[in-house]
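Here's the structure we're looking at; comments come further down.
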Amino acid sequence: MVRTRFAPSPTGYLHIGGVRTALFNWLFSRKHGGQFLLRIDDTDQERNVEAALAPILHGFRWLGLDWDEGPEVGGPHAPYYQSQRLPRYQDAARKLLAAGLAYRDFATPDELRLERETAEAEKRPFIYSRRWMAETDAQAKSFEGQGRQGVVRLKMPREGKLLIPDLVRGDVEFDWAREQDHVIQRADGTCLYHLASVVDDFDFEISHVIRAEEHLSNTPRQIFIAQSLGYPLPEYAHLPYVAEPGSKNKLSKRKIAAYLKNPDFKKVYDHGQGIATALGLTTSAETFNPVIVDFYEQVGYLPDAILNYLVLLGWSLDDKAEFFSRDEMIANFSLERVGKSPASFDPKKLWSFEDKYMQDLPTKQKVPKLIPYLQQAGFLPKPVPCEVGPRLAQIVEAAGNRIKTFGDILSFTSFLTADDQIKYDEAAFDKAIRAPGAVELLTNYRTQLATVEPYEVPRLETFSQEFIAAEGKKIGELVHPLRVALTGQGVGLGLFDTLAILGRESSMRRIELAIYKAATVGRGSVT
RNA sequence: GGCCUGUUCGUCUAGCGGUUGAGGAUGCCGGUUUUUCAAGCCGGAGACAGGGGUUCGAGUCCCCUACGGGCUACCA
């Protein structure tokens, strides 16, 4: 049975690189008909774990990465919180001690530091002398008599080599002699990460440890612990890290300010920020930032698009395939085809996947997703009136690929406001409506619009063409002022779609209003 | 410093000694379409980090250098 796990720390946010690691674990387990679990690495934080975990679990659910065991779903190996498993780790430490594969150590921090500095000064690698090692109770008593406090250290081999077969990187060789006698249990009895991690992976019957490459160097000490405890070894696969946009430096959520100098990153960020503002969200760099998954949910990206982008970040099937449904990802994923080199996070390429996926999403699936955005921004009441659905469908159809994230619907809210509540884009108004002849043209157009039959897109188009020909003008001279009059904005949907969606009455009222404003309100103060 | 690890177009990647005058995607540039914007369509520029080997032949194997990343904690 293949069992994989992802082990987040409860930090309050889900990092895009972490999602990639989780995704690979999830895909691998699903591909082999196995199970995927979540384990919480909270050995360090005592405070508010539940609150800090909630956004992470929420992110997993939003992305559709389900877990078979872990927080909120439980499972046969509960608890899945490291902070609640201390007795297991202490038990393991006792066994290691009893087998002579670990020892109690009474060195003070200062003594250790001195050894380390001496080694450094002599330009030789530091290896602890084990001078304050206590292998018998008598020795321990004697050290304790001096007021010293004991920790438990691994008694690492000091010769020989270790070969780690890694499913991504091939065989990796380490010298045991370079490994430190790591502390596995503190003087206060609490245990450290490496011990906890190995014990949990065994207890949870993890078959494949798929994790970030920063753990590759940690693997020898973990293998030592596992072997010393008589555990079977899992398979290992170390994934390359996710790098910054446009560079090979590791991606970090703390460096957004620097990333914003990257035009592509900034474009994606600004787009999201615009939607957040329209929604009235208070955003903080902690969570509202393209490095954090929350960002994409709030702006209204499609989880499938994000997953498709991420699966290609370090994995590929061949030289052609780029679009994968969830099932296709599962069917095709393999660790053998995971790359060894770091991959830069490119928000612009993610954007292109989002664009494509949104284009493929049928209107009737888009509409219900759009409604919460319109409600949040105050354009729709909470129980939605039933006539809104068809109207939104009409807008969505006309908007076509202009809606790239669900939040983009907020660019088309002029269809949902009262005719006299239109907000004009000043520059567009001044340029189009105050253009020479524009008001006169709009006046004539409005008059004739009253009798156009049927009031539908094809007829509106031919009517407009005929009208403009009769006036001896070019179509652009009508289109631009008319669009501003109808929507308040210089850019928008196709003009005939706009007329049709608004309907005859609204269209005429809006044209009248624009004409009136042009006559009565000065430049730069229409709104 | 020591050890481990990585390096093909700006970016994601294909390539597992010869079929490669290095393929695809994204981005960029140009053209086309057009009522704006977006999309679409057509075309273009763009890479094997550097240096040594091995071989009849190297992006593909080996070594060195440079530059990333990790570990070297009583962090995870």
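The shown structure was predicted, so the numbers you read here are calculated from the model rather than taken from an experiment. Lettering of chains follows the sequences in order, A, B, ..., and the numbering in each one begins at 1.
Comparing B:C74, B:C4, B:G6 by their closest approach to the side chain of A:Lys340 singles out B:G6. The side chain of A:Asn401 has B:A39 as its nearest neighbour among B:A39, B:A25, B:G24. Closest contact between the side chain of A:Phe174 and the listed nucleotides B:U13, B:C4, B:G10 involves B:C4. Comparing B:A76, B:C74, B:U26 against the side chain of A:Val151 picks out B:C74 as the nearest. Checking B:C4, B:A76, B:A39 against every side-chain atom of A:His215, the shortest atom distance belongs to B:A76. Taking the side chain of A:Asp319 as heavy atoms from C-beta on, and the options B:A76, B:G27, B:A14, the nearest nucleotide is B:A14. Checked against B:U35, B:U8, B:G69, the side chain of A:Glu213 finds its nearest nucleotide in B:G69. Closest to the A:Arg221 side chain, of the nucleotides B:G15, B:A76, B:C37, is B:A76. The nucleotide whose nearest atom lies closest to any side-chain atom of A:Lys250 is, among B:C4, B:A14, B:G69, B:G69. Relative to the side chain of A:Asn249, the nucleotides B:G69, B:C4, B:A25 differ in distance, and B:G69 lies closest.
Within residues 457-480 of chain A, the residues approached by RNA chain B to less than 4.0 Å at the level of any non-hydrogen atom are A:Ile475, A:Val479, A:His480, in residue-number order.
Looking only at atom types and distance, the side chain of A:Glu440 has no donor-acceptor partner in the side chain of A:Thr443 under 3.5 Å away. With 3.5 Å as the limit, one finds no donor-acceptor pair spanning the side chains of A:Arg459 and A:Ser464. Using modelled atom types and a 3.5 Å distance limit, the side chains of A:Ser344 and A:Asp346 yield no donor-acceptor pair. Side-chain polar atoms of A:Thr405 and A:Tyr296 form no donor-acceptor pair below 3.5 angstrom. Judged by distance alone, the side chains of A:Asp200 and A:Tyr89 do bring a donor and an acceptor atom under 3.5 Å apart. Defined by atom type and a distance below 3.5 Å, a donor-acceptor pair is missing between the side-chain atoms of A:Thr487 and A:Arg483. Side-chain N/O atoms of A:His238 and A:Arg211 include a donor and acceptor closer than 3.5 Å. For the residue pair A:Asn218 / A:Tyr193, no side-chain donor-acceptor distance below 3.5 Å is found, with atom types taken as modelled. A donor and an acceptor atom, one from each side chain of A:Thr118 and A:Glu115, are nowhere located under 3.5 Å apart. Counting only N and O atoms by type, the side chains of A:Asp41 and A:Ser9 include no donor and acceptor under 3.5 Å apart.
Here B:G18 sits opposite B:C56 as a Watson-Crick or G-U wobble pair (both hydrogen-bonding atom distances under 3.5 Å). In a base pair of the Watson-Crick type (N1 to N3 plus N6-O4 or O6-N4) or a G-U wobble (N1-O2 and O6-N3), with each distance short of 3.5 Å, B:A66 is matched with B:U7. B:C41 is paired with B:G31 under the Watson-Crick or G-U wobble criterion, all donor-acceptor distances under 3.5 Å. Base pairing analysis places B:G46 opposite nothing; no Watson-Crick or G-U wobble pair with both distances below 3.5 Å involves it. In this entry B:G1 has B:U72 as its Watson-Crick or G-U wobble partner, both defining distances falling under 3.5 Å.
Take the nearest nucleotide of RNA chain B for A:Arg483 and for A:Arg169: the residue whose nucleotide is more 5' is A:Arg169. When each of A:Arg178 and A:Tyr193 is assigned the nucleotide of RNA chain B with its nearest heavy atom, A:Arg178 is the one assigned upstream, toward the 5' end.
When heavy atoms are screened at a 4.0 angstrom cut-off, A:Leu192 is found touching the sugar-phosphate backbone but no base atom. Note on A:Gly494: a base of the nucleic acid sits closer than 4.0 angstrom, heavy atoms only. Base engagement by A:Phe496 is indicated by at least one non-hydrogen atom pair under 4.0 Å involving a base atom. Contact annotation for A:Gln149: no contact, since no heavy-atom pair falls under 4.0 Å across all strands. Within the 4.0 angstrom heavy-atom criterion, base atoms lie near A:Leu493. Looking at heavy-atom distances under 4.0 Å, A:His238 makes no contact with the nucleic acid at all. Nucleic acid contact class of A:Asp355 (heavy atoms, under 4.0 Å, all strands): sugar-phosphate only. Across all strands shown, A:Asn218 has heavy atoms under 4.0 Å from base atoms, whether or not it also approaches the sugar-phosphate. Among the heavy atoms of the strands, none lies under 4.0 Å from A:Arg124. Residue A:Gln489 is classed as having no contact, given no heavy-atom separation below 4.0 Å to the nucleic acid.
For A:Leu350 and B:G27, the CG to P distance is 12 Å, given to the nearest whole Å. When the P atom of B:G68 is taken as reference, atom CD of A:Glu214 falls 19 Å away, rounded to whole Å. The nearest whole Å value for the distance from the CD atom in A:Glu117 to the P atom in B:A73 is 12 Å. Protein atom CG of A:Leu313 is 16 Å distant from nucleotide atom C1' of B:A14, rounded to whole Å. One can place CD of A:Glu322 at 16 Å from P of B:C12, the figure rounded to the nearest angstrom. Atom pair A:Lys320:NZ and B:A22:C1' shows a separation of 13 Å (rounding to whole Å applied). Atom NZ in A:Lys248 sits about 16 Å away from atom C1' in B:G70, given to the nearest Å. Across the protein-nucleic acid pair, A:Arg337 atom CZ and B:C12 atom P stand 16 Å apart, rounded to whole Å.
Taking atom P in both B:G40 and B:G27, the straight-line distance is 8 Å, to the nearest Å. Taking the C1' atom of each, B:U8 and B:G23 are spaced 12 Å apart, rounded to whole Å.
Applying the ring pair (Phe, Tyr, Trp, His ring centres under 6.0 Å) rule to A:Phe333 yields the partners A:Phe24, A:Trp315; only residues at least two apart in sequence or on another chain are considered.
Paired with A:Phe353 under the rule side-chain contact (heavy atoms from CB on, under 4.5 Å), one option of A:Leu312, A:Leu310, A:Leu307 passes, and it is A:Leu312.
Judged by atom type and distance alone, A:Lys349 reaches the base of B:A25 through a side-chain donor-acceptor pair under 3.5 Å. Between the base of B:A76 and the side chain of A:His194 there is a donor-acceptor pair shorter than 3.5 Å. Not a single donor-acceptor contact under 3.5 angstrom links the side-chain atoms of A:Arg116 to the base of B:U72. Residue side chain A:Ser341 does not reach the base of B:G6 through any donor-acceptor N/O pair under 3.5 Å, judged by distance alone.
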Report, as a single string ordered 5' to 3', how protein heavy atoms within less than 4.0 Å touch nucleotides 42-50 of chain B: B base, S sugar-phosphate only, - not at all.
-> ---------

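Between the CG atom of A:Leu162 and the CD1 atom of A:Ile164 there is a distance of 4.5 Å, given to the nearest 0.5 Å.
Between A:Tyr301 and A:Trp351, the ring planes are perpendicular. Angles over 60° get that label, and only those under 30° would be called parallel.
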